[in-house]
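Below is one structure; the comments refer to it alone.
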Amino acid sequence: MRRGSNLPAVGTYNQTLVLDLIRRSPDGISRIELAARTGLSAQTLSNVARRLVAEGWVREGTPIVTGPGKPRTPLQLDPTARCAVGIHLDPAVETVVVVDLLGEVVAQTERTPRPDATREQILGDLVGTVESLLAEGGRSRASVLGIGVAAPGPLDADAGVLFEPPLLPPVWHDLALGPLLREATGLPTTVEKDVVAAMVGELWRDAAQELQDSIFVYYGAGVGAGLAVDGAPIRGRTGNAGDVAHLVVEPGGPACGCGQRGCLGAAIAPERLLVDGGVIDGSEPVAAPALRERLRELAARARGGDERAASAVRRAGSSLARAVVQINNLLDADVVVVGGPLWKLLSTTAGPALSDAVAASTETATVRGIRVLESGLTTDAAAVGAACLVLDAAMTARPTDLMIAGAPD
C-alpha cells in the first residue's frame with residue numbers, strides 16, 4: 001500500500017536528517033556544509049538549525065575563521081540534552097542502563113533475576129531500577145526519550161508482548177511488558193528481540209560505518225545473530241529474525257531439544273561447557289542465574305592453565321566459528337562482531353579459537369575473508385542496544401518516515 005506525505009512529515013524528516021548529520025560530526029559541522037550535504041536551501045537549513053538549538057539538541061561551537069567573509073559557526077550535538085533507558089532481560093543477568101545521545105552509558109546496573117518473582121514484583125523492580133538509575137545519572141524525567149527493552153524471542157514487537165521465550169521462567173510468558181512499563185512509567189516503551197537490539201547498538205556507535213553490512217553474534221544464556229544490511233537491522237516480518245541456535249555445527253554432537261544432534265545452541269550451551277570443563281559433574285542442572293559465576297570460574301581455570309577447562313572453551317569458539325561461516329555465506333557481510341554477557345567472560349580463550357577457526361575454514365564462500373571483531377560495548381550489548389533503539393527512532397532519518405502513518409479505512 002503506497003501512502004502519501006504532508007508538510008509536517010517533510011519538516012520532521014528534514015530536522016531528523018540534519019540532527020543525524022550533526023551527530024555523526026563530533027568536531028561540529030557548519031550550516032554551509034549541512035546545506036551542501038542535504039540539498040536543503042539556506043533558509044530551510046537555518047530554520048531547522050535554529051529550532052534544534054532552541055530545543056537544546058544542538059549547541060553552537062566557537063566560530064572558525066577560514067578566510068574572508070563571515071566566520072563559520074560549527075553546530076555540535078549536546079550529548080546531555082536527552083537520554084534513553086535500556087533494559088535487557090536475560091535468564092543469566094538482567095541489565096538496565098541509561099545512555100546519552102551518543103549511546104555512552106551514564107548509569108548502569110546488573111542483577112541476578114529472581115526466578116520466583118511475580119509479575120507485579122517484576123514490574124515493580126524494573127520501574128524502581130529505572131527511577132534510581134535516572135537519579136544516579138543526574139537525568140530528569142523530562143530528558144528521557146523513552147525505554148527500550150531487549151528480550152529473547154519469540155515476541156510481538158509491535159504490541160510489546162513476550163510470547164513464550166524458552167529460556168525465561170513461565171511468569172514472563174504472554175506478558176505485555178511494553179504496555180505495562182509504558183503505563184507504570186509514563187514513558188514511551190519499545191520492545192525488541194535481543195539480537196536485533198544488540199545490532200542496533202553496534203550500528204549506532206559505528207562512527208566509521210564499518211558495520212553497514214555485518215553480523216552480530218550474541219552469546220548469553222542462549223545464542224543468536226543480529227543482521228544488518230545497508231546500515232539497517234534485519235527484523236523480519238514478525239520481528240523475530242536471528243534464531244541460529246539450530247544450525248548444525250557438530251554432526252553427531254550433543255542432543256538438542258529439537259530432536260537433532262549437534263545444534264549450535266546445544267554445542268555451546270553454558271551447561272555443556274561447565275561439564276566438559278570439569279566445573280560441574282552434570283548430575284544437577286545449573287539455574288540460569290548461577291551461570292555467570294560458574295562460567296567465570298571456568299574462564300579463570302582456562303586462563304590459569306587448566307587444559308580441560310581451556311579445551312572446553314576453545315571448542316566452543318570453534319563451534320561458533322562454523323556457525324559464523326554459514327551465516328556469512330548466506331549474507332555475504334564479511335564483518336562479524338561477537339559479544340554478549342557470557343561471551344565477555346570467555347572471550348580471552350574462546351576469541352582466538354573462533355578467529356583461527358574462521359580463518360582456517362574451507363567452507364567460506366566469501367572472496368574477501370571474514371573479519372571477526374569484539375563488540376566495542378563495555379557493558380551488555382543488548383541493554384545498550386535497547387536504549388539505542390529509542391535514540392535511533394528519534395534521530396535517524398528514513399524515507400519511510402515521510403509516509404503518512406496508518407492505513408486508510
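Heads up: numbering here begins at 1 and tracks the sequence. Bear in mind the structure is a predicted one, so any value in this text is a computation, not a measurement.
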- Would you say the side-chain atoms of Arg261 pair up with the backbone N or O of Gly253, donor to acceptor, closer than 3.5 Å? yes
- CA sep, side-chain torsions, deciding dist, call: Leu133, Val85, side-chain contact (heavy atoms from CB on, under 4.5 Å): CA-CA 9 Å; Leu133 279 185; Val85 176; over 6 Å; no
- Query: Would a distance-only check, ignoring hydrogens and angles, find a side-chain to backbone donor-acceptor pair under 3.5 Å from Asn328 to Ala333?
  - Reply: yes
- Pro233 side chain reached by Leu203 side chain, heavy atoms, under 4.5 Å: yes
- Return yes if a side-chain donor-acceptor contact under 3.5 Å exists between Glu60 and Thr73, otherwise no. no
- Item | Heavy-atom side-chain contact between Val98 and Val144 under 4.5 Å | no
- Item | Test side-chain contact (heavy atoms from CB on, under 4.5 Å) applied to Gln326 and Val244, Val248, Val249, the passing residue | Val249
- Item | Reported CD-to-CG distance for the pair Glu164 and Leu155, which is rounded to 0.5 angstrom | 12.5 Å
- Task: Measure the shortest side-chain to side-chain distance between Phe163 and Asn240 over non-hydrogen atoms and say whether it is less than 4.5 angstrom.
- Result: no
- Message: Quick check: closest heavy atoms across Leu21 and Thr38, and the distance to 0.1 Å?
- Response: CD1-CG2, 3.4 Å
- Task: State the CH2-CZ distance between Trp172 and Arg119, to the nearest 0.5 angstrom.
- Result: 9.5 Å
- Message: Which heavy atom of Leu342 sits nearest to which heavy atom of Pro270, and what is that distance?
- Response: CD1-CG, 3.8 Å
- Got a second to check how far Glu55's CD is from Asp78's CG, nearest 0.5 Å? 13.0 Å
- Item | Beyond-backbone contact of Pro26 with Leu102, side-chain heavy atoms, under 4.5 angstrom | no
- Task: State, yes or no, whether a side-chain contact exists between Asp20 and Arg23 at a heavy-atom distance under 4.5 Å.
- Result: yes
- Message: Please find the pair of heavy atoms, one from Leu77 and one from Met395, that lie closest to each other, and give the distance.
- Response: CD1-CE, 4.0 Å
- Message: Let's go through Leu126 and Thr185 carefully: what are the C-alpha distance in whole Å and the side-chain angles of both, what is the deciding distance for side-chain contact (heavy atoms from CB on, under 4.5 Å) to 0.1 Å, and is it a yes or a no?
- Response: CA-CA 10 Å; Leu126 290 176; Thr185 63; over 6 Å; no
- Are any side-chain N or O atoms of His173 and backbone N or O atoms of Pro165, one a donor and one an acceptor, separated by less than 3.5 Å? yes
- Item | Test item: Arg272 side-chain N/O and Ala267 main-chain N/O as donor-acceptor pair under 3.5 Å | yes
- Message: Quick one, Phe216 and Leu211 - any side-chain contact, counting heavy atoms below 4.5 Å?
- Response: no
- Cut-off 3.5 Å, side chains only: do Ser375 and Glu202 have a donor facing an acceptor? yes
- Message: Quick check: closest heavy atoms across Lys193 and Asp243, and the distance to 0.1 Å?
- Response: NZ-N, 3.7 Å
- Query: Is Arg301 reaching over with its side chain to a backbone N or O of Gly278, donor-acceptor style, under 3.5 angstrom?
  - Reply: yes
- Query: Side chains of Leu177 and Leu89: closer than 4.5 Å at any heavy-atom pair?
  - Reply: yes
- Test item: Arg308 side-chain N/O and Asp276 main-chain N/O as donor-acceptor pair under 3.5 Å: yes
- Message: If we ignore hydrogens and angles and just use 3.5 Å, is the side chain of Ser355 paired with the main-chain N or O of Pro352 as donor and acceptor?
- Response: no
- Do Ile234 and Leu331 pass the side-chain contact (heavy atoms from CB on, under 4.5 Å) test, and can you show the C-alpha distance, the side-chain angles, and the key distance before you say yes or no? CA-CA 11 Å; Ile234 301 300; Leu331 192 62; 5.8 Å; no
- Query: Ion pair present between Arg314 and Glu307, side-chain N to carboxylate O less than 4.0 angstrom?
  - Reply: yes
- Item | From Ile370 atom CD1 to Asp332 atom CG, the distance as rounded to the nearest 0.5 Å | 9.5 Å
- Is a side-chain N or O of Thr189 found less than 3.5 angstrom from the main chain of Leu187, in a donor-acceptor match? yes
- Message: Strictly below 4.0 Å, N to O, side chains only: are Glu271 and Arg294 in salt-bridge contact?
- Response: no
- For atom CD of Glu374, is the number of surrounding heavy atoms from other residues, nucleotides or ligands below 6.0 Å larger than 12? yes
- Task: Give the minimum heavy-atom separation between Val200 and Gly385, together with the two atoms involved.
- Result: CG1-O, 4.3 Å
- Would you sort out whether Arg50 and Ser46 count as a side-chain hydrogen bond (donor to acceptor under 3.5 Å, both in side chains), showing the intermediate values? CA-CA 6 Å; Arg50 188 182 304 113; Ser46 179; 3.2 Å; yes
- Could you check if a side-chain atom of Arg24 sits within less than 4.5 angstrom of a side-chain atom of Ile29, using non-hydrogen atoms only? no
- Under 3.5 Å: donor-acceptor pair, side chain of Tyr218, backbone of Ala382: no
- Message: Given 3.5 Å as the limit, does a donor-acceptor pair link the side chain of Ser361 with the main chain of Glu363, or not?
- Response: yes
- Task: Could you give me the CA-CA distance, side-chain angles and deciding distance for Ile22 and Trp57, then say whether side-chain contact (heavy atoms from CB on, under 4.5 Å) is met?
- Result: CA-CA 10 Å; Ile22 294 172; Trp57 290 90; over 6 Å; no
- Message: Rounded at 0.5 Å granularity, tell me how far CG in Leu19 sits from CG in Leu34.
- Response: 10.5 Å
- Using a strict cut-off of less than 4.0 Å between a Lys/Arg side-chain nitrogen and an Asp/Glu carboxylate oxygen, indicate whether Glu192 and Arg235 qualify as a salt bridge. yes
- Item | Heavy atoms of other groups near Arg37 CZ, more than 12 under 6.0 Å | no
- Item | Reported OG1-to-CG distance for the pair Thr396 and Leu17, which is rounded to 0.5 angstrom | 10.5 Å
- Looking only at non-hydrogen atoms, find the nearest pair between Ala49 and Arg31 and report the distance. CB-NE, 3.9 Å
